[in-house]
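What follows is a single structure, written as C-alpha cells, with notes after it.
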Amino acid sequence: MTYGQIKQAASFFRPALLLEGIIGRRARLIISDILSMSAVLFAMPALIYFLAILFPTLFSTLGNFPTLASLLPRLVGIFFIIASLWLVFFAIQAFFNSYYYKAFDAILKEQGIAGNEPMSFEVAALLSGTDESDITGSFLQSLSLQFMLLRLGIDKTTVKDFLKNRKDKLTAATFNLSSLDNQFGITFVDVALALFRQDKEFSDFLFAQSIQEKDFLAAAEWVSRGERRRKKKERWWSRDALGRIEGIGTDWAYGGAYILDRYTKGQYSKILFDDEPGNTYLKDELEELETILARSEEANALVVGESGGSPMDLVRHLGEIIYEGTVLPALAHKRIIVLDANKLVATNGEKTRFENELIRIFEESIQAGNIILVFDDLPSFMTSASALGSEVLSLMDPYLPSDRIQVIALSDKDRFHRMLETNGMITTRFEVVLVKDPDESVTIRLLQDEATSIESREKIFFSYQSILAIANAAERYFTEGVMPDKAIDLLVELVPKLKLSKTRFVTKESVLSLVEKKTGIPTGEVKTVEKEKLLNLEAFLHKRVIGQNEAVTAIANAMRRARSGVGSPNRPMGSFLFLGPTGVGKTETTKALAEALFGNESKVIRLDMSEYKSADALDKLIGSFSSGKPGVLASALRENPYGVLLLDEFEKTTKEVMDLFLQVLDEGVFSDMSGKKINARNLIIIATSNAGANLIWDAMRSGKNIMSLKDEIVDGIIKSGAYRPELLNRFDGVILFHPIEGENLRQVAAVMLERFRARLRERGIDLEINDAMIDYLMKFGSDPKFGARPMNRAIQDIIEQKVANKIIKGEIKPGQKFSLEAGDLV
Amino acid sequence: MDLGTVLIHRPTSPSAIFIGIIVGVMALFAFPIEYFVWHYGEGLRDFFRVFGNFLWAVYNFFSIPLLLRTFFMPWRRLQEEKKQQGFHAEEFFGNIIVNIIMRLVGMLVRLVTLIIGAAIIIIIFCASIVSLVVWLTLPLVVAVLFVFGLTLIINS
C-alpha cells in the first residue's frame, strides 16, 4: 500500500475525524457530563410543574409562594433546553462511537463490528494530520507515538533533538505499508513498524539507545493493546461486556458439592488471556483439552507441562472461556474446582478416613453433575496418599468413565515419565495433553499487562526495558516457581520497594539494583571495580598461579564473556574441566578465581567426587525421597547460589552423577528429591581430573607442546572411558594444565615460601627467603608425577619443624629477622 | 491541506492561516451532512445492534434456554434414594412425595424467574420501540424541545 492508497482508505473514518477536528472527544465528554448533571438537577422543578398541572388541588399551596410559582416555568424551560442539547450531544457521541469502535476485535461476534475496515481509528487519526514532506516528524508528534517512545525510555527532548538534527526526511512518496494481520486492517503496530523499517535515520537513532526492532515492536504492541483494552472497557454495551454478567439459575439444575467445597483451592481472579491478535499461547492446547472434556465418556485429561506452570495456565484458560460463554456447549455452566489435595490428606490423616472422604467427594461430584475436578499435582497427591497406604488411582478409577464428571490431572514432564506414563490405568482413563512452556514473548506480554494495572493504582511508570529486565532476572536468578508466574510475582514484589525508593520512572537499572539487593548477586552493568578485575583477570590469577598461561587465558576470556551478558543466561556462568597431573595448580586456580570474582576464596564449594562413587551417590547429592535426607549438593547450592563449585576428581563418580551434571551444565538447573528446582546459573563450575595425566606426561617427555596435542589427549581420555564425549562438550572449556618444571617450579617454591613467611610474620618473626631455601624445596618437586604438592609437604614437615626447633631453643626471637641456610636444611 | 493538518500543525504564515480558516469553516458545513447520512443509515443499524445486545443480555442473564430445558428437574438435584433392602411401602411413598416436592419447588422457582425475565424483555422491547421513534424523529424532537423550553422562559 502506498501512502496515497492508505490516505484513500483512511477516508472511511473521515466523518468522525471531521467531528474530532471541530470539537475533540475529551471536550465532548466533559460537555456531555455537565449537561447530564444539569438535566438531572432541573428535572425536579419540571416534575413538580407537570404534577401541579395534572393535580392542581394537590399543589394548591404553591400559590402561596408567588416568586416560586413564577420561577418554576422558567426552570422548566431551562430543563427542556438542556434536554435538547443533551440529545444533540448524545447523538453526536453515538455518531463518533460508531466509527471509533470499528475495526475492533470482539470475542462474541457482533454484526458490523470488526468487519472489513481497512485500518483502526487510531491509524486514521494519525494519518489525518500528517505532513507529507515529513512523515516521521508528524508521527512523532502524535500522542500515541510519544507515549510509546516514553515506554522505551526516550523522553521528549531527546526526540526533539533527533528531529532537529536529521539529514533526510521520510516523505509520503517513499512511505508505504503492508498490514501485519489482515483481520483488523492496518493497526498502530503496523504503522510504527513501517516507520522503523523505512526511516533508516530513525532506526539508527533508536539503535543508539539500544532499542532494536523486536523491542520497538513489543513496545508498540503494548501501547496498542492498552488502547484496545481501554476501548473494550468503555464499550459496555458490547456483547463481550454484557455477556460477562453472570446469569442467575445456571446451577439450579445441578447439585451442590458441599464436601468438595471444603477442599477447594481459591479461585483465580487474574485475567491472563485474551483473544488479542497474535496471542497463540496455549491456543492449540486449549482446543485439545476442550475436545477431550466434551466427550461423552472417559472425558478426562492429563495435562503435562514441561516445567509445571503452564498446565495450570491451561486450566485457568478453560475457566475463562467457560466464564465468557465461548466454550463448547457440552461444557457450558461447568464448575472448575481445584482440589486442595494437601488439605485432604492432612485433615484426614489416616487411610480409611482419607479414602472415605475421597470417595464421598467423587460421589458428590457425580451427583452434582457439573463439576470439572482438577488435581493440580497428581504425582504429589499419589505420593502423599501412598504415605497413608492408599492407592489414589485405584480409588478414582470407578468414577473416571462417568459422563457426569470430568477430571483434569496435572503433572510436570519429569514425574509424568517416572510415575504416570507406565501406569495402565492412566493411559486408558486419561487422554494426555502436552503443554509447551510459554516463551519469552508471552511472559513479556503478561508482565506488561500487569504493569499497566499497577501503573493505574500506584503512580509509577514502567519502561519496556524494565519489564524485559524483570523477565530475564526472574528466569536467571529465581529458580523457585515457574514462568511466567514467578516473573509476575517479582514485578509485584518490586512495587513497594520502588515506591519506597521514590522511583517513579522504572528503568532497567532500578529493577536490576533491587534484584541485586534481594539476591546478593551482582546483576546490572559491570561496575568500575569489577571492570578492572575482569580486564586484569589474567594478572590477578597469575599472582597465585604460576605458569599455566593457556589455562589462565582461556578462563579469563570465558569469564569476561559470561559477565558481559554475551553468554547464555540459562547456563552456569562458566564451566571448565581442568585436566592435568596432581599438584600443577588446578585447585589453586579455582581458589584464585573465586577470590578474583567473588572477593573471597571461601566462596568455593568443594566436593570430592571420589566420595560419590557408590550406588547411592546421586541420592547423596540431590537427596533421597524415601529416606527424607537432603542432598549435599542441593543444600550447598541453596545456601550459596553464587560462587564456584569445585568438583575434585570428577572422573571417579558414577554415571548417574555425571548425567546429573550433564543437565546442570546444559540448563543451569536441576531438581532435588522433592522436585524443587535448584539454580546453578550463578555458579562457575569447575571439575578437575587426573584423567589423561599419563598422556600429558608422555607428550611432555617426548618434548612436544601439549597444547598442540590437546585433541589427541582429549581423544585418548574419551577412549579410556573416563568421560563421554557429550559431557566433555558441555563444558565451556576443557583446559590442560601442564606439569610444572624448571623456572616455573622455582617460582612456585618462592610463592609457597612467601606464604609461609606471611604466616610467620603474624607471629612477629620475619623469614628472609633465599636461594638456598628455594633450591632445597625444588628437590621435592622434582618428581613430576606429583607436581608441586610434595614441596608443600616439605614446608610443613621439614622447614616448619626446623623453625619450630629454633624458636623453642630461643635462637629466634620475636621481631627478629632470620633465614635458613643450606647447612640448616640438611 | 485537510482539517487534521490545520489543527495539528497550527499554520503560522498569514496565507496558511487564511486557508486554515476556510478549511475549518468548510468542515463546520460538511459535518451536518455527514451526520444525517449516518443518522438514517449506519446509525440506525447501530441502534438495532445495541438494543439487540440488550435483549440478548437479558435473555442470557435469566438463563432462559437453560431453565426451559431443565424445567422439570428437581431443585438442585435434591432427591431421596432407596436405602433399605427390599420393598418398604413407607420408604417408597415417602421418597416419591419428597421427590415430587423437589421437582415442584424447582419448577416454581424457574417459573417465577422465567416470568420476570420475560417481563423485562418485554419492557426493553417496548422501550426500544419508543426510542426508535425518538431516533427517527430526533431532529424534530430536538427542535420541539428547544422551542418549547424557550417559549416557557420567555412567556413567564
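Computed over heavy atoms, backbone and side chain alike; hydrogens, waters and symmetry mates excluded. Below, chain A is the first sequence line, B the second, and so on; all start at residue 1.
For A/Ala16, no part lies near chain B; criterion is any non-hydrogen pair under 4.5 Å. Only the side chain of B/Val50 has a heavy atom closer than 4.5 Å to any heavy atom of chain A. Proximity to chain A (any heavy atom under 4.5 Å) is shown, for B/Phe47, by neither the backbone nor the side chain. Using a 4.5 Å cut-off between heavy atoms, B/Ser63 contacts chain A through both its backbone and its side chain. Using a 4.5 Å cut-off between heavy atoms, B/Val109 touches chain A through backbone and side chain atoms alike. The parts of B/Leu150 that come within reach of chain A are both its backbone and its side chain, each placing non-hydrogen atoms under 4.5 angstrom from that chain. If you measure heavy-atom distances from B/Trp75 to chain A, the contacts under 4.5 Å come from both the backbone and the side chain. In this structure, chain B has a heavy atom under 4.5 Å from the side chain of A/Tyr49, while its backbone stays farther away. Looking at B/Pro139, there are no atoms closer than 4.5 Å to chain A (heavy atoms on both sides), in backbone or side chain. Proximity to chain B is absent for every atom of A/Ile82, based on heavy atoms less than 4.5 angstrom apart. The part of A/Phe90 that comes within reach of chain B is its side chain, from C-beta onward, which places non-hydrogen atoms under 4.5 angstrom from that chain.
Listed for the A/Glu364 side chain is a donor-acceptor partner under 3.5 Å among the backbone atoms of A/Ile259. At least one donor-acceptor pair closer than 3.5 Å links the side chain of B/Arg110 to the backbone N or O of B/Phe71.
Checked against a 6.0 Å centroid threshold, the rings of B/Phe146 and A/Phe80 do not count as neighbours. Ring to ring, B/Tyr35 and B/His39 are close: their centroids are under 6.0 angstrom apart.
Side-chain polar atoms of B/Thr70 and A/Trp252 form no donor-acceptor pair below 3.5 angstrom.
Looking at A/Glu234 and A/Lys231, no side-chain N of the basic residue comes within less than 4.0 Å of a carboxylate O on the acidic one, giving no salt bridge.
Here the rule is ring-ring contact (aromatic ring centres under 6.0 Å, His included) with A/Tyr101, and of A/Trp236, A/Trp237, A/Phe13 only A/Trp237 fits it.
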ring-ring contact (aromatic ring centres under 6.0 Å, His included) between A/Phe95 and B/Phe31, intermediate numbers included: CA-CA 11 Å; A/Phe95 164 78; B/Phe31 177 68; 5.3 Å; yes

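When A/Ala332, A/Ala94, A/Gly249 are compared by the number of non-hydrogen pairs under 4.5 Å with chain B, A/Ala94 comes out ahead.
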